[in-house]
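Being a predicted model, the structure only gives us computed values, none of them experimental.
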Amino acid sequence: LDAEEHFQLVVALANELSASKKIPPHLVVGIPHLSMKYERVRDLTFSVSNVNPYGDAVLPPFFNDTVCGGGQQFLAFLCTEAVPWVDSLFSTTSQKIILGHSLSGNFLANLLQAEHVFTHVQLYDPSIWYSEGEALSSIIPGKPFTGKSLYLSYQHNPAFHGNWAKAFHEFLAENAPQPYCGKSFEQENHKSIYLPSFLDGMQWLYADYRNAHFHLKKEKPYQTRPQ
């Protein structure tokens, strides 16, 4: 998600990790938003927030009833249109990883128990503060999570944002039923965290692959050319 910002970075990193035998080759699909303020907010929210990342009630003008709340429609687009279309064009497998950062990370955090087509979910510094933690409060105790693994990264600024993300991590560390990895990047900010999160999250997901493929095979000794 958020391909308007991260698509080229993800393609470059995925190719490099694959060439280095740390992860297998991937088909990278980017979903951009035509407007960062309006279409993005519409697609990635399920409600209207009454706070901003600092915990203030002073909200951006695009957090309102006329824009917010299109998350279910966007999820339906991903699962019933985008993914099947990609599957029809390429030789794909059942494994499908979805990455979300910031507001798109919070969008995915709301789907941990929802039906969808993605097998692995990675959240990079998600905006858990949105609507005062609705992604956390909406989790039903005892209900299975969707997907095979979950990765979460977060940083600590601003404090309101960081505290909500930390609380989400602590909850998942105790309650996530599938393989889970949560990591705090204390030296990163909300923008810079994406790159190390992708590198760390993908290598965590493919630890077994790396162990099996990373060590280079010993080459045959060079033969001396006959004189």
Same hydrophobic cluster for [X] and [Y], using side-chain heavy-atom links shorter than 4.5 Å among ILVMFWY?
X      : Y      : result
Phe168 : Ile140 : no
Leu34  : Val29  : no
Tyr180 : Leu111 : yes

Mind listing the closest non-hydrogen atom pair of [X] and [Y] along with its distance?
X      : Y      : value
Thr119 : Ser94  : CG2-O, 3.4 Å
Cys68  : Ser47  : CB-O, 3.4 Å
Cys79  : Phe118 : SG-CE1, 4.3 Å
Gln113 : Pro144 : CG-O, 3.5 Å
Gly147 : Gln178 : O-NE2, 3.9 Å
Trp164 : Glu132 : CH2-O, 3.3 Å

For this session: Test Tyr130 against every option in Phe107, Phe63, Phe160 by the ring pair (Phe, Tyr, Trp, His ring centres under 6.0 Å) rule and name the one that passes.
Result: Phe63
Exercise. Should the ring pair Phe74 and Phe77 be called parallel, tilted or perpendicular, given that the plane angle runs from 0 to 90° and is split at 30 and 60?
Worked result: parallel
Exercise. Can Leu150 and Leu123 be said to form a side chain to side chain contact (heavy atoms under 4.5 Å, CB included), step by step?
Worked result: CA-CA 8 Å; Leu150 177 61; Leu123 316 176; 4.2 Å; yes
Answer whether the closest heavy-atom distance between the side chains of [X] and [Y] falls below 4.5 Å.
X      : Y      : result
Leu44  : Asp2   : yes
Lys96  : Asp87  : yes
Thr45  : Leu103 : yes
Leu108 : Leu1   : yes
Trp129 : Pro158 : no
Pro126 : Leu152 : yes
Glu16  : Lys22  : no

Is there a donor-acceptor contact under 3.5 Å from the side chain of [X] to the main chain of [Y]?
X      : Y      : result
Thr93  : Gln95  : yes
Asp200 : Pro196 : no
Ser149 : Pro179 : no
Ser131 : Ser49  : no
His26  : Pro24  : yes
Asn163 : Ala159 : yes
Asn15  : Ser18  : no

Taking atom [atom1] of [X] and atom [atom2] of [Y], what is their separation to the nearest 0.5 Å?
X      : Y      : atom1 : atom2 : answer
Glu186 : Gln155 : CD    : CD    : 10.5 Å
Asp43  : Tyr38  : CG    : OH    : 14.5 Å
Asn52  : His161 : CG    : NE2   : 12.0 Å
His156 : Asp125 : NE2   : CG    : 9.0 Å
Glu5   : Ser104 : CD    : OG    : 9.5 Å
Ser153 : His101 : OG    : NE2   : 7.5 Å

Exercise. In the hydrophobic cluster built from side-chain contacts under 4.5 Å, what are the other members alongside Leu99?
Worked result: Phe7, Leu9, Val10, Val11, Leu13, Leu17, Ile23, Val28, Ile97, Tyr124, Tyr151, Phe185, Ile193, Tyr194, Leu195, Phe198, Leu199, Met202, Trp204, Leu205, Tyr206, Tyr209
For this session: Might you work through the side chain to side chain contact (heavy atoms under 4.5 Å, CB included) test for Asn110 and Ser138, ending with a clear yes or no?
Result: CA-CA 7 Å; Asn110 277 274; Ser138 65; 4.1 Å; yes
Can a donor-acceptor pair be found between the side chains of [X] and [Y] at a distance below 3.5 Å?
X      : Y      : value
His190 : Ser102 : yes
Glu188 : Ser192 : yes
Glu4   : His33  : no

Problem set entry | Check against side chain to side chain contact (heavy atoms under 4.5 Å, CB included), Ser184 and Lys166 | CA-CA 8 Å; Ser184 169; Lys166 182 181 179 182; over 6 Å; no
For this session: For Asp65, look at atom CG and say whether over 12 heavy atoms of other residues, nucleotides or ligands are found less than 6.0 Å away.
Result: no
Exercise. Going through the checks in order, is the side chain to side chain contact (heavy atoms under 4.5 Å, CB included) test met by Ile128 and Tyr154?
Worked result: CA-CA 10 Å; Ile128 305 299; Tyr154 64 99; over 6 Å; no
